[in-house]
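The shown structure was predicted, so the numbers you read here are calculated from the model rather than taken from an experiment. Sequential numbering from 1 along the given sequence is applied to the chain's residues. Remember, it's 1-based here, ligands and their atoms both numbered in the order they're listed.
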Amino acid sequence: MTRLEFLKNLGLSGASLFAVLATCTVQSCSSKGSDDPTPTPPPTGTTGVTGTTTGNNIDFTVDLANSANASLASTGGSLIFGDVIVVRNTATTFVALSKACTHQGTTVVFRPAQNNFLCNNHGSVFNLNGSVANGPAASPLKVFNTAVNGNNLRVTA
Ligand code: FES
């Protein structure tokens with residue numbers, strides 16, 4: 001049943017039908033609703049970073065002194081750069097993993113209290129080393145190399 005047929009079945013016609021349709025158009029009765037299968041991803045770092053953050057040749061440097069990267073200033077903080085989620089897991093160390101859940105690709109989120117990554121889509125959990133702690137994901141997240149030099153954090157494949 002189309003939207004128009006549905007509204008006609010409600011008994012709407014003429015001016016009232018036009019008003020409903022116009023409101024629907026203005027307020028975006030689009031095909032993307034609350035059941036959108038693609039949840040809003042976490043904030044993504046776009047400034048204070050240089051290099052390649054997507055694809056198979058990951059190699060980028062994060063300026064930890066840049067205010068845009070303040071999320072990484074304290075232990076437990078995380079930020080996403082392209083395909084990679086970076087976590088400050090201790091005062092002096094970082095981990096960087098593929099942000100895409102290996103089940104169906106949803107962006108994972110870091111949980112400081114549990115010290116692991118959760119995929120909100122179907123509940124998969126990944127350890128800091130990328131291994132699967134809880135399915136349905138069956139494969140680990142890809143882990144990238146991290147190296148700190150002063151205020152620069154370099155992440156490489
Ligand atoms: S997409 Fe992550 S658990 Fe299904």
Side-chain angles (χ1 to χ4, degrees), residues 1-6 23-149 151-157:
M1 176 184 298
T2 66
R3 183 183 312 157
L4 182 59
E5 291 168 341
F6 174 76
T23 301
C24 220
T25 300
V26 169
Q27 294 181 350
S28 183
C29 289
S30 71
S31 60
K32 292 181 77 103
S34 60
D35 58 348
D36 183 354
T38 308
T40 303
T44 300
T46 56
T47 57
V49 59
T50 56
T52 305
T53 60
T54 60
N56 294 323
N57 299 312
I58 298 293
D59 186 351
F60 62 90
T61 300
V62 178
D63 179 1
L64 297 171
N66 190 306
S67 61
N69 302 318
S71 295
L72 295 175
S74 55
T75 301
S78 63
L79 205 53
I80 289 175
F81 301 95
D83 294 341
V84 180
I85 182 168
V86 175
V87 173
R88 185 173 205 139
N89 61 323
T90 73
T92 57
T93 60
F94 296 82
V95 293
L97 298 93
S98 168
K99 72 174 185 181
C101 176
T102 56
H103 182 228
Q104 291 181 357
T106 300
T107 296
V108 298
V109 295
F110 180 66
R111 302 190 299 178
Q114 294 85 358
N115 208 31
N116 62 24
F117 299 90
L118 170 69
C119 175
N120 286 315
N121 205 355
H122 307 106
S124 287
V125 176
F126 301 88
N127 298 309
L128 276 185
N129 65 4
S131 63
V132 177
N134 189 44
S139 302
L141 297 175
K142 182 174 182 174
V143 179
F144 299 98
N145 301 307
T146 60
V148 178
N149 183 4
N151 284 327
N152 292 323
L153 167 65
R154 187 171 178 195
V155 177
T156 56

*Please round to the nearest 0.5 Å and tell me the distance separating atom CG of N121 and atom CD of Q104.*
6.0 Å
_Heavy-atom count check: over 12 atoms from other residues, nucleotides or ligands less than 6.0 Å from N129 CG?_
yes
*What atoms of ligand 1 come closer than 4.0 angstrom to any heavy atom of T106?*
1 (S)
*asked:* To 10 degrees, how wide is the angle SG (C119) to atom 2 (Fe) of ligand 1 to SG (C101)?
replied: 110°
*To which protein heavy atom is atom 3 (S) of ligand 1 closest, and what is the distance rounded to 0.1 Å?*
S124 OG, 3.2 Å
*Do me a favour and list the nearest non-hydrogen protein atom to atom 1 (S) of ligand 1 with residue, atom name and distance?*
Q104 N, 3.3 Å
*Parallel, tilted or perpendicular: which describes the rings of H103 and H122, with under 30° parallel and over 60° perpendicular?*
perpendicular
*Which value, rounded to 10°, describes the ND1(H103)-atom 4 (Fe) of ligand 1-ND1(H122) angle?*
90°
*Kindly write out the residues that satisfy ring pair (Phe, Tyr, Trp, His ring centres under 6.0 Å) with F110, not counting sequence neighbours, or none if the list is empty.*
F117
*Report, in ascending order of atom number, the atoms of ligand 1 lying under 4.0 Å from any heavy atom of N121.*
1 (S)
*Main-chain N/O of D63 paired to N69 side chain as donor or acceptor, under 3.5 Å*: yes
